Amino acid sequence: KHVLVKIQNRIGGMRHEVQAADHAHMRLQLSFQIVVRAFAQSLGRLQIGNATRDIAVLTTTQVRALRTDQIETLTTAQVASLTSTQLNTLTSRQLQAIETVDIAALTTAQLSKMETADIAAITTAQITALTTAQIASLTTDQVVALSEDQVAAITTAQITALTTAQIAA
C-alpha cells in the first residue's frame with residue numbers, strides 16, 4: 001500500500017511537470033509568433049522591394065503581418081511568386097492593396113485556388129485588370145461570389161472569356 005501511494009504521488013508530480021511543460025511550450029509559441037509578426041512589420045519598403053526571390057518563403061504568419069503599404073510596394077514578380085496559401089492568408093485590405101498592374105501577374109492556377117471570400121474582396125479596378133485567361137480560370141463558386149459592382153466592372157473582352165458554366169452560375 002505504501003508503494004502504491006508513492007507511485008500515485010510520483011504520477012501526480014509527473015502530471016504537474018507535463019502541464020508546466022505544456023504551458024512553457026505555449027508561451028514559447030506565442031513569443032515566436034510575436035517576434036515573427038514584429039519582424040514582418042519592421043520590414044521597410046526598401047527591404048520588401050528587394051526581396052523578389054524570397055517572398056514565396058515567407059510563412060503565412062509573416063505574410064499576414066505585412067502592412068498594406070508593404071503590400072503596395074510588392075513588385076509584379078513578387079506578386080506572381082506568392083503561393084496560393086499565401087494569397088489565401090491575405091486579409092481583404094491586404095488583397096485590395098495589391099496594385100492593379102500586379103493582379104494581372106497572378107497565374108490562373110493561383111486565382112482558381114483563391115477562396116471565394118478573397119475573390120469577393122478584390123476591388124473593381126482589380127477585376128478590370130484581370131486578363132481574359134484569369135477570368136476564364138475562375139471557378140463557378142468564385143464567379144457567384146462576385147458582387148454586383150465587380151460584375152459591372154467586367155469588361156467586354158472578359159465577358160467573352162467566361163465559360164457557359166460560369167455564366168450559368
Side-chain angles (χ1 to χ4, degrees), residues 22-154 158 161-163 165-166 169:
D22 282 345
H23 288 272
H25 182 255
M26 288 183 348
R27 283 192 305 270
L28 182 61
Q29 282 183 318
L30 181 61
S31 296
F32 177 73
Q33 290 173 351
I34 290 168
V35 168
V36 166
R37 188 171 292 120
F39 172 74
Q41 290 176 341
S42 72
L43 291 174
R45 289 176 178 255
L46 182 60
Q47 291 166 309
I48 291 289
N50 288 332
T52 304
R53 293 178 307 161
D54 301 326
I55 206 83
V57 300
L58 292 178
T59 66
T60 54
T61 303
Q62 291 168 321
V63 169
R64 187 72 168 215
L66 292 173
R67 297 182 315 266
T68 54
D69 67 316
Q70 292 172 312
I71 300 281
E72 290 169 353
T73 65
L74 294 177
T75 65
T76 303
Q78 288 172 319
V79 170
S81 70
L82 289 168
T83 67
S84 297
T85 302
Q86 289 172 320
L87 283 169
N88 285 328
T89 297
L90 295 174
T91 65
S92 297
R93 292 189 65 214
Q94 287 174 312
L95 283 168
Q96 293 166 356
I98 297 174
E99 294 182 353
T100 54
V101 69
D102 298 331
I103 283 286
L106 294 175
T107 67
T108 55
Q110 287 169 304
L111 262 172
S112 66
K113 291 178 184 170
M114 285 179 68
E115 295 174 4
T116 55
D118 293 334
I119 294 294
I122 63 178
T123 67
T124 55
Q126 290 170 320
I127 290 286
T128 303
L130 293 174
T131 66
T132 55
Q134 288 172 315
I135 289 288
S137 74
L138 295 177
T139 67
T140 55
D141 289 339
Q142 289 171 324
V143 172
V144 168
L146 295 174
S147 70
E148 287 183 33
D149 289 339
Q150 288 173 315
V151 171
I154 295 175
Q158 290 171 323
L162 291 171
T163 67
Q166 289 171 313

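Side chains included, hydrogens not; waters and symmetry mates left out as well; all remaining heavy atoms used. For clarity, every value in this text was computed on a predicted model and none was experimentally measured.
- In this structure, Gln166 contributes its side chain and Val143 its backbone to no donor-acceptor pair below 3.5 Å.
- For the pair Thr128 and Ile154, the minimum side-chain heavy-atom distance is 4.5 Å or more.
- At distances below 3.5 Å, at least one donor-acceptor pair connects side-chain atoms of Gln158 with backbone N or O atoms of Leu130.
- Counting only heavy atoms from C-beta outward, the side chains of Leu74 and Ile98 never approach each other to under 4.5 Å.
- Within the 3.5 Å criterion, the main-chain N or O of Ile122 finds a donor-acceptor partner in the side chain of Gln150.
- Between the side chain of Gln142 and the main chain of Ala117, no donor-acceptor pair closer than 3.5 Å is present.
- In this structure, CG in Leu111 is found 5.0 Å from OG in Ser137, a value given to the nearest 0.5 Å.
- Across all non-hydrogen atoms, the minimal contact from Ala80 to Ala105 is CB-O, 3.5 Å.
- Residue Thr139 holds its OG1 atom at 11.5 Å from CD of Glu115, rounded to the nearest 0.5 Å.
- Annotation for Ile55 and Ser81: closest pair CG2-OG, 2.6 Å, computed over non-hydrogen atoms.
- Without hydrogens or angle criteria, Gln96 side chain to Thr91 main chain gives no donor-acceptor distance under 3.5 Å.
- Gln70 and Thr73 share no side-chain donor-acceptor pair at under 3.5 Å.
- The line from CD1 of Ile127 to CD1 of Ile103 is 8.5 Å long, rounded to the nearest 0.5 Å.
- In this structure, NZ in Lys113 is found 9.5 Å from OG1 in Thr83, a value given to the nearest 0.5 Å.
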Evaluate the criterion side-chain contact (heavy atoms from CB on, under 4.5 Å) for residue pair Leu87 and Asp118; output intermediate values, then yes/no.
CA-CA 8 Å; Leu87 283 169; Asp118 293 334; 6.0 Å; no
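- Contact detail for Ala104 and Ala129: the closest heavy-atom pair is CB-O, 3.6 Å.
- Contact annotation: the side chain of Ile71 approaches that of Leu90 to within less than 4.5 Å [non-hydrogen atoms, C-beta and beyond].
- Across every non-hydrogen atom of Ala136 and Thr163, the tightest pair is O-CG2, 4.5 Å.
- Going from atom CD of Glu148 over to atom OG1 of Thr124 covers 13.5 Å, rounded to the nearest 0.5 Å.
- A donor-acceptor pair under 3.5 Å is formed between the side chain of Gln94 and the backbone N or O of Val63.
- Counting only N and O atoms by type, the side chains of Asp141 and Thr116 include no donor and acceptor under 3.5 Å apart.
- When side chains are defined from C-beta on, Asp102 does not count as touching Thr75, because their heavy atoms never get closer than 4.5 Å.
- Here the straight-line distance linking atom OG1 of Thr85 with atom CG of Asn88 works out to 7.0 Å at 0.5 Å rounding.
- For Gln110 and Thr107, the side-chain atoms include at least one donor-acceptor pair closer than 3.5 Å.
- Between the Gln134 side chain and the Leu106 main chain, a donor and an acceptor come within less than 3.5 Å of each other.
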